[in-house]
Number of protein chains: 2
Amino acid sequence: MVEPGSGASALRDELHQRGLRMTPQRQLVLDAVRDLGHATPEQICTRVQRSAPAVNITTVYRTLDLLERIGVVRHTHLGHGAPSYSADDHQHVHLVCHDCGTVAEVPTELMGGLAEQLRAAEGFQLDVTHVALSGRCRDCTETEASR
Amino acid sequence: MVEPGSGASALRDELHQRGLRMTPQRQLVLDAVRDLGHATPEQICTRVQRSAPAVNITTVYRTLDLLERIGVVRHTHLGHGAPSYSADDHQHVHLVCHDCGTVAEVPTELMGGLAEQLRAAEGFQLDVTHVALSGRCRDCTETEASR
DNA sequence: GTCGTTGCAAAACGTTTGCACACCG
DNA sequence: CGGTGTGCAAACGTTTTGCAACGAC
């Protein structure tokens with residue numbers, strides 16, 4: 001478990017620089033995101049409510065938005081359903097199996113070649129972490145093949 | 001505009017082979033998907049209702065599901081909001097700009113190298129069309145740079 | 001004290017479900 | 001005529017909004 005409140009003054013400074021305020025809720029949401037690795041707003045809310053039951057899910061949504069704008073968290077779309085939030089430094093590419101739903105994580109370096117191609121061919125700056133790649137995982141491929 | 005009802009008997013055969021029935025709604029939804037290139041269920045419904053106002057959005061959802069199961073349409077998640085449906089033969093990779101929202105289409109061949117790497121390294125069979133890649137388009141990159 | 005932030009309730013959005021009726025084969 | 005497919009209404013899960021009260025600075 002990540003040390004609760006670690007970087008509290010860093011967050012405070014980051015907020016104050018932009019005329020925003022430090023609140024317990026903001027610290028709790030950030031702690032929850034770091035703790036959970038990657039999680040949906042709903043899961044983050046549940047976690048926050050373990051220590052502060054009154055915190056509303058609306059606040060979680062608004063806080064995640066804000067934390068994303070100031071660059072301390074990011075979110076990834078894993079396909080269907082709710083997006084998954086994680087700390088900004090927790091970067092990798094997600095592989096979602098559309099048969100069993102498993103989510104694997106691979107190093108962002110794997111996308112380097114593609115990113116370079118897209119930049120050269122289309123002038124498009126790829127954000128490698130925002131996408132979840134979809135396909136069929138090894139297990140499901142083998143199961144399918146043996147049928 | 002795609003010729004309305006083109007491949008009507010092909011669809012009929014495909015359905016009958018599986019014990020399913022041909023209906024005007026199914027033809028209209030397929031025509032709409034082909035016409036629109038790629039569109040959300042909502043947009044497809046509006047298009048269908050131009051010629052058949054009584055068709056319900058529920059039917060559009062159910063029909064898109066069915067057409068996808070029999071392999072004549074596919075859907076792509078462009079990030080936020082509703083998925084985008086297109087004809088199965090209309091395949092390419094989507095690039096979504098997270099600044100201006102523009103969706104560009106690039107040939108699937110660009111993903112060949114990545115698909116190969118993922119197969120070799122992870123045993124993961126990439127479905128190149130199901131994902132939309134996210135990033136910043138050329139226009140937004142240039143605008144950003146000149147600020 | 002100011003004004004950014006929160007909680008609550010309600011609305012918005014995209015999608016699914018239950019059910020009676022319609023219509024394809 | 002049997003059973004699949006449809007329309008309608010209502011429920012659902014997720015996210016956003018309006019607004020009065022709260023609390024950081």
Side-chain angles (χ1 to χ4, degrees), chain A residues 5 8-9 11-30 32 38-49 51-70 73 75-85 101, chain B residues 5 8-9 11-30 32 38-49 51-70 72-73 75-85 101 132:
Chain A
S9 53
L11 177 56
R12 181 181 296 271
D13 291 349
E14 197 62 46
L15 290 167
H16 284 187
Q17 256 176 0
R18 303 169 197 241
L20 302 170
R21 291 174 185 172
M22 179 60 161
T23 67
Q25 288 91 333
R26 289 177 176 173
Q27 188 62 55
L28 287 167
V29 169
L30 179 52
H38 55 87
T40 64
E42 186 86 38
Q43 293 169 325
I44 292 163
C45 188
T46 301
R47 178 61 157 246
V48 168
Q49 289 175 342
S51 44
V55 173
N56 196 275
I57 189 150
T58 302
T59 301
V60 173
Y61 277 106
R62 287 191 282 224
T63 303
L64 287 171
D65 248 41
L66 182 146
L67 293 178
E68 187 155 34
R69 280 201 305 279
I70 69 176
V73 308
H75 78 268
T76 304
H77 295 279
L78 296 182
H80 313 75
S84 182
Y85 284 81
Chain B
S9 53
L11 176 57
R12 181 180 297 271
D13 291 351
E14 198 63 46
L15 290 167
H16 285 187
Q17 258 177 354
R18 303 169 197 242
L20 303 170
R21 293 173 183 172
M22 178 59 161
T23 68
Q25 289 90 334
R26 288 175 178 176
Q27 188 61 56
L28 287 167
V29 169
L30 179 52
H38 55 86
T40 63
E42 187 87 38
Q43 294 170 323
I44 292 163
C45 188
T46 301
R47 178 61 157 248
V48 167
Q49 289 176 339
S51 45
V55 172
N56 197 276
I57 189 152
T58 303
T59 300
V60 173
Y61 277 107
R62 286 191 283 224
T63 303
L64 287 171
D65 250 37
L66 181 145
L67 294 178
E68 187 155 34
R69 281 202 305 279
I70 69 177
V72 304
V73 307
H75 78 267
T76 304
H77 296 278
L78 296 182
H80 312 76
S84 183
Y85 284 80

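Order of the sequence lines fixes the chain letters, A, B, ..., with proteins taken first and strands second; residue numbering starts at 1 for each chain.
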Return the polar atom pairs (N/O with N/O) between nucleotides 4-7 of chain D and the protein under 3.5 Å, or none.
residue	atom	partner	partner atom	Å
D:dT4	O4'	B:R21	NH1	3.3
D:dT4	O2	B:R21	NH1	3.2
D:dG5	OP1	B:R21	N	3.0
D:dG5	OP1	B:R26	NH1	2.7
D:dG5	OP1	B:R26	NH2	3.3
D:dG5	O5'	B:R26	NH2	3.2
D:dT6	OP1	B:T23	OG1	2.8
D:dT6	O3'	B:Q25	NE2	2.9
D:dG7	OP1	B:Q25	NE2	3.4
D:dG7	OP2	B:N56	N	3.3
D:dG7	OP2	B:T59	OG1	2.4
D:dG7	N7	B:R62	NH2	2.8
D:dG7	O6	B:R62	NH1	3.3
D:dG7	O6	B:R62	NH2	3.1

* State, to 0.1 Å, how close B:V55 and B:C45 come at their nearest heavy-atom pair, and which atoms those are. => O-SG, 4.3 Å

* To do: Would you kindly give the CG-to-P distance between A:D65 and D:dT16, to the nearest whole Å?
  => 6 Å

* Which atom of B:P41 lies closest to which atom of B:P83, heavy atoms considered -> CD-O, 3.6 Å

* Asked: Do the non-hydrogen side-chain atoms of B:I70 and B:R18 ever get within less than 4.5 Å of each other?
  -> yes

* **Pairwise side-chain contact, A:L15 with A:T23, heavy-atom cut-off 4.5 Å (strictly under)** => no

* Structure fact -> Note: A:L67 and A:R26 closest approach over all heavy atoms is CD1-O, 4.4 Å

* To do: Could you tell me the separation between the CD atom of B:Q27 and the C1' atom of C:dC24, rounded to a whole number of Å?
  => 15 Å

* Structure fact -> To the nearest angstrom, the CD1-P distance between B:I57 and C:dA12 comes to 16 Å

* Structure fact -> Taken to the nearest whole Å, NE2/A:H16 to P/C:dG4 is 13 Å

* **Under-4.0 Å side-chain N/O to phosphate OP1/OP2 contact, B:Y61 with C:dT15** => yes

* Return the minimal non-hydrogen interatomic distance between A:L64 and A:V73, and the atom names on each side. => O-CG2, 3.9 Å

* the helix from C:dG1-D:dC25 to C:dG25-D:dC1: angle between end helix axes, five pairs per end, rounded to 10 degrees -> 30°

* First locate atom NE2 of B:H16, then atom CZ of B:R21, and finally report the distance between them rounded to the nearest 0.5 Å. => 9.0 Å

* Rounded to whole angstrom units, what separation is found between the CG atom of A:L11 and the C1' atom of D:dA24? -> 14 Å

* Asked: Does any N or O in the side chain of B:E68 come within less than 3.5 Å of the main-chain N or O of B:H75, such that one atom is a donor and the other an acceptor?
  -> yes

